[in-house]
Student: 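Following this message is one structure expressed as C-alpha cells.
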2 protein chains.
Amino acid sequence: MSRSGADLALLLLGGYRSLVDAATSELAAGGYEDFKPVHEFALRAIVAGADSASDLGRRTSVSKQAAAKTIAILIERGYVVSKPDPDDARRKRLEVTSLGAQVMARGEAILEKSRNKWEQQIGPTELANLEARLAELVGDAAIRVDAPGWVAQDPRY
Amino acid sequence: MSRSGADLALLLLGGYRSLVDAATSELAAGGYEDFKPVHEFALRAIVAGADSASDLGRRTSVSKQAAAKTIAILIERGYVVSKPDPDDARRKRLEVTSLGAQVMARGEAILEKSRNKWEQQIGPTELANLEARLAELVGDAAIRVDAPGWVAQDPRY
DNA sequence: TCAATATAGACAACAAGGTTGTCGAATGCA
DNA sequence: TGCATTCGACAACCTTGTTGTCTATATTGA
C-alpha cells in the first residue's frame with residue numbers, strides 16, 4: 001500500500017478538515033452561528049497585534065478591502081470593536097471584545113478536545129511524533145497566520 | 001513546546017498547502033494555466049466513474065449546477081468531452097481526453113516529487129509512519145473525493 | 001398500461017468572499 | 001511647505017458556490 005503524493009495531500013487535508021469541521025459545527029451548536037475559520041484566524045491576528053484593517057489585510061495575505069469586510073462582520077456580531085485612533089486620525093483601532101475572546105477560547109477548547117481524541121487513538125507519543133515531523137516538513141509555513149486568505153479562497157497559484 | 005489543537009490544525013493545513021501549491025504552480029509553469037485542485041479532483045472523480053454532471057455533483061458534495069459549471073470549464077479547455085448517452089437521452093456522458101489524462105499524470109508526478117523530497121527530509125520510515133497514523137486518524141474521510149467542494153469553497157461550518 | 005414520480009441538464013437569480021481601481025482625508029518626510 | 005504615502009471607504013467585478021424553476025426523459029407501481 002505504497003501511498004502516492006496525491007494520497008498524502010488528501011490525508012493532510014482530511015486531517016485539517018476533520019479538526020476544523022468539528023470545531024465549527026460545535027461552535028455553531030454552542031450558539032456561535034456562522035463563525036467560520038476565517039473569523040477565527042482574523043481574531044487571532046487582531047489579538048496578535050493587527051489593530052487596523054490594512055494591518056489585518058497584510059498579516060492575513062488579503063487585500064485591505066477584504067480585511068475590512070471581515071472586520072465589518074466581526075464588529076456586527078460583537079466580536080470586535082473599532083475605536084478612532086487618538087494618534088492617527090486615519091486609523092481605527094481594533095479590539096477584540098470579551099465575547100470575541102470567549103468564542104476564541106471555546107474554539108481552542110474544542111480543538112483541544114479533538115486533539116485529545118487523536119491522542120487516545122494513536123497514543124501521545126505517536127501524535128507528538130507526527131506533530132514534530134510535520135513541523136519539520138512544513139516549517140514556518142504553518143505558523144504564518146496567512147492561512148485565511150488561503151483557506152477561504154481556493155488556491156490562487 | 002506542547003502543541004495545541006489549533007497548531008495541529010495549522011500544521012495539517014500547511015502541509016496540504018505546500019504540496020498543492022507546488023503542484024499548481026508547477027503545472028501553471030508547465031503550460032497548464034489555471035488548472036486548480038478543483039479541476040484535478042473533478043477529473044479524478046470522472047475517471048473514477050462520475051460520468052455525468054449530476055453524478056459528479058453527488059460524488060464531490062456539490063450541487064449538480066456547480067458540477068456542471070466545472071465541467072463546462074474542463075470541456076472548454078479540452079480536458080473532458082461530453083457525448084450523448086445512448087441509453088438515456090437525458091444524460092451526457094463525460095470522458096476524460098488524453099489531454100486531461102496528461103495533466104493528471106503531470107500533477108501526480110509533481111506531487112510524487114514533493115513526497116520524495118519529504119522522504120529525504122525525514123526519512124522513508126518516518127514518512128510512512130506519518131502517513132499510516134494519519135490514515136488511522138482520518139480514516140475514510142481522506143479517501144472520499146468530496147474534497148473539492150470543501151477545498152474550493154470556504155469552510156462552510 | 002399509463003399516470004405519478006424522479007432524474008438529467010439548462011437557465012436565472014443570488015450569496016459569499018475575494019479582487020482591483022479610485023477617492024478624500026490625514027500623515028510623514030525631504 | 002509640499003509631495004508621496006497610508007488609511008479607510010466605496011464601487012464594480014470575478015469566481016465559485018447556492019436555490020429555484022423548467023423541460024425532457026425515465027422509471028415505477030397501481
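Chain A is the first sequence line, chain B the second, and so forth, proteins listed ahead of strands; every chain is numbered from 1.
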Student: Of the nucleotides C/dA8, C/dG18, D/dG17, which one has an atom closest to the side chain of B/R91?
Tutor: C/dA8
Student: Name all residues meeting the salt bridge (charged side-chain N to carboxylate O under 4.0 Å, His left out) criterion together with A/R91; count only those two or more places apart in sequence or in a different chain, and write none if there are none.
Tutor: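 Testing A/R91 for salt bridge (charged side-chain N to carboxylate O under 4.0 Å, His left out), a comparison that skips the adjacent residues, returns A/D51.
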Student: Could you state the atom-to-atom distance from CD1 of A/I75 to P of D/dA9 in whole Å?
Tutor: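 Taking CD1 of A/I75 and P of D/dA9, I get 8 Å after rounding.
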Student: Would you call A/E40 and A/K36 a salt bridge, using N to O less than 4.0 angstrom?
Tutor: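 No, this pair does not count.
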Student: Rounding to a whole Å, what distance do you find between A/I73:CD1 and C/dG18:P?
Tutor: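 The distance from CD1 of A/I73 to P of C/dG18 comes to 8 Å, rounded to the nearest Å.
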Student: Would you say that B/I46 contacts B/Y79 through its side chain, given a criterion of any heavy-atom pair below 4.5 Å between the two side chains?
Tutor: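 No, side chains not in contact.
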Student: May I ask you to verify if any side-chain N or O of A/S63 is less than 4.0 angstrom from the OP1 or OP2 atom of C/dT19?
Tutor: yes
Student: Mind checking what makes salt bridge (charged side-chain N to carboxylate O under 4.0 Å, His left out) contact with A/D87, not counting sequence neighbours?
Tutor: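 Only A/R93 meet the salt bridge (charged side-chain N to carboxylate O under 4.0 Å, His left out) criterion with A/D87.
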Student: Are A/I71 and A/V81 connected into the same hydrophobic cluster when the rule is that any two of I, L, V, M, F, W, Y join if their side-chain heavy atoms are below 4.5 Å apart?
Tutor: no
Student: Side-chain donor or acceptor of B/Q65 under 3.5 Å from a matching atom on the base of D/dG20?
Tutor: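 Pair found.
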Student: Are OP1 or OP2 of C/dA8 and a side-chain N or O of B/R58 less than 4.0 angstrom apart?
Tutor: yes
Student: With sequence neighbours excluded, what pairs up with A/R90 under the salt bridge (charged side-chain N to carboxylate O under 4.0 Å, His left out) test?
Tutor: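 Expected list: A/D88.
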Student: Write down the distance between NZ (A/K83) and P (D/dC7), rounded to a whole number of angstrom.
Tutor: 21 Å
Student: Specify the separation, in whole Å, of atom CZ of A/R93 and atom C1' of D/dG8.
Tutor: 16 Å
Student: Does B/K69 have a side-chain nitrogen or oxygen under 4.0 Å from the phosphate oxygens OP1 or OP2 of C/dC11?
Tutor: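 For B/K69, the contact criterion (side-chain N or O under 4.0 Å from OP1 or OP2 of C/dC11) is not met.
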Student: Expressed in angstrom and rounded to an integer, what is the separation of A/I71 atom CD1 from D/dC10 atom C1'?
Tutor: 16 Å
Student: Rounded to the Å, how far apart are A/K36 NZ and C/dA15 P?
Tutor: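 After rounding, the reported distance stands at 13 Å.
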Student: Set out, in order, the CA-CA distance, both residues' side-chain angles and the distance that settles side-chain contact (heavy atoms from CB on, under 4.5 Å) for A/E108 and B/S4, then state yes or no.
Tutor: CA-CA 8 Å; A/E108 286 281 344; B/S4 76; 4.1 Å; yes
Student: Dump the pairs, protein N or O against N or O of nucleotides 23-30 of chain C, anything under 3.5 Å, distances to one decimal.
Tutor:
from, atom 1, to, atom 2, distance (Å)
C/dT27, OP1, A/A89, N, 2.9

Student: Where along residues 48-57 of chain A does a heavy atom fall under 4.0 Å from DNA chain D?
Tutor: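 Result for residues 48-57 of chain A: A/S52, A/A53, A/S54, sorted by number.
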Student: To the closest 0.5 Å, what do you measure between CZ (A/R77) and CG (A/D34)?
Tutor: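 If we round to the nearest 0.5 Å, A/R77:CZ and A/D34:CG are 5.0 Å apart.
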Student: Please identify each residue that fulfils salt bridge (charged side-chain N to carboxylate O under 4.0 Å, His left out) with B/K117, with sequence neighbours left out.
Tutor: none
